[in-house]
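When a ligand or atom number is given, it counts from 1 through the structure's own listing order. Along the sequence shown, residues carry numbers from 1.
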Amino acid sequence: MSKPKGPAKSASKGPGKGKLRLTVPEPSARPGEKTDFSFLKLSKAGEVARPAPDCAYEDTITLKDTLIRVLDEEHQAVGPWNPKASVDELRQGLRLMMLTRTFDSRLVIAQRQKKTSFYMQSLGEEAIGVGQAMSINQDDMCFTSYRQQNILITRGMPLVEMMNQIYSNTADPLKGRQLPIMYSSKKYGFFSISGNLGTQYVQAVGWAMASAIKQDTRISTAWIGDGATAEADFYTALVFAQVYNAPVILNVVNNQWAISTFQAIAGGTSATFAARGVGMGIASLRVDGNDYLAVLAASRWAAERARNNNGPTLIEWVSYRAGPHSTSDDPSKYRPADDWQRFPLGDPIVRLSKHLISLGAWSEQEHQSVQAELEAQVLAAQKEAEQNGTLISGEQRTAADMFDDVYEHMPAHLVAQRQQLGV
Ligand SMILES: Cc1ncc(C[n+]2csc(CCOP(=O)(O)OP(=O)(O)O)c2C)c(N)n1
């Protein structure tokens with residue numbers, strides 16, 4: 001019997017180079033070593049051109065591999081992306097970043113004191129959400145991950161209300177049903193956070209499409225981390241955003257890490273995350289996420305584009321996750337302890353404060369007194385929230401709440417289950 005002839009046989013012809021090998025990307029350094037940050041494609045401040053916000057997506061193709069930066073080594077604002085923000089706007093931005101960091105550090109302590117079960121800080125990433133929230137309208141809708149608490153803070157959600165959610169106490173706006181930090185606030189245009197990574201990205205695009213269908217004027221913002229871009233929803237969102245020219249800002253926060261996983265394993269060092277956008281026909285920018293002025297400029301550009309029906313923009317924000325992934329994580333097990341100190345884009349709060357100092361609009365003393373003021377503000381909010389209960393003090397909503405809102409009207413089987421519980 002003759003052997004079957006198939007494509008596999010002909011494909012195996014030709015000179016191979018021996019056995020195949022699987023590539024598994026690794027970070028350049030592990031604990032005790034020094035990260036080689038040369039993988040980051042950096043540009044000099046002021047170096048990258050600024051196309052008009054109504055440009056064709058093709059005009060952004062080169063921007064996928066450059067880095068939009070405004071603040072230079074001397075802390076001066078330079079180049080075509082300089083947003084020319086007023087000193088008052090910048091001072092407000094700095095204050096909101098400092099407030100976010102202060103809020104985070106207090107809640108990390110609260111978690112260590114067992115007042116809450118869990119917390120996630122945004123250390124080092126404060127500029128991105130604050131700057132974007134300052135660049136859009138209060139009624140634009142934000143579909144965030146769990147690391148954009150600064151958007152709620154910028155929009156003025158009372159810190160007490162945020163803490164009530166974290167403590168799952170009697171005043172928790174989400175009635176104790178959600179893991180701490182999974183905020184939801186219709187009032188502050190903040191879509192309910194879900195634990196399932198990436199789902200909000202496609203929903204943000206749908207929301208933007210709905211806004212366009214209704215001939216509304218509001219836009220949406222979508223938020224995802226570098227790791228979560230590997231989720232299918234990320235690509236689905238891009239296709240729909242491009243096809244329907246949805247008025248959405250597609251933010252990718254590249255903080256280099258997804259828990260213990262370096263962004264190379266989500267594909268980020270072979271091609272930038274901004275490249276994903278232009279590959280789909282979406283105008284895309286790659287921006288220094290630790291440069292508050294660059295955040296303002298790029299966010300305004302994208303918001304203007306969306307609002308004028310010029311379509312979506314994808315923005316890769318290059319930053320660094322300076323803290324642990326969450327209170328359940330110990331980064332010293334997988335990355336060098338001094339990584340953030342060596343990260344070339346520095347600390348967004350330090351950079352903006354140095355810029356303001358150079359303008360004569362801030363000082364070390366003012367920094368310290370504002371810091372003290374913010375700590376007092378957060379502490380006062382914390383004391384107030386703790387009156388409604390914490391995990392250790394134990395006050396919670398009634399168990400009867402547990403059955404509400406599963407459906408709009410409670411079906412008979414849920415009524416029966418509630419009665420079984422005797423509540
Ligand atoms: C669908 C899904 N898979 C896995 C997880 C577990 N998980 C929670 S956060 C996280 C890492 C996400 O990293 P990244 O998107 O880079 O965001 P970052 O935490 O760095 O802000 C993972 C894998 C999840 N919540 N949902």
Between the side chains of R307 and D140, is the shortest nitrogen-to-carboxylate-oxygen separation below 4.0 Å, so that they form an ion pair? yes
Residues forming a side chain to side chain donor-acceptor pair (under 3.5 Å) with R418, sequence neighbours excluded: none
Passing option when F234 is tested against V202, L197, L250, V252 for side chain to side chain contact (heavy atoms under 4.5 Å, CB included): V252
Please table the atom pairs, donor to acceptor, closer than 3.5 Å between any side-chain atom in residues 46-59 and protein atoms at least two apart or in another chain.
| unit_1 | atom_1 | unit_2 | atom_2 | d |
| --- | --- | --- | --- | --- |
| E47 | OE1 | K44 | N | 2.9 |
| D59 | OD2 | A56 | N | 3.4 |

For ligand 1, protein residues within the heavy-atom limit of under 4.0 Å are Y146, R147, G195, N196, L197, G225, D226, G227, A228, E231, N255, W257, A258, I259, H325
Pairing residues for F103 by the ring pair (Phe, Tyr, Trp, His ring centres under 6.0 Å) criterion, not counting sequence neighbours: none
Pair W207 and F191, ring centroids less than 6.0 Å apart: no
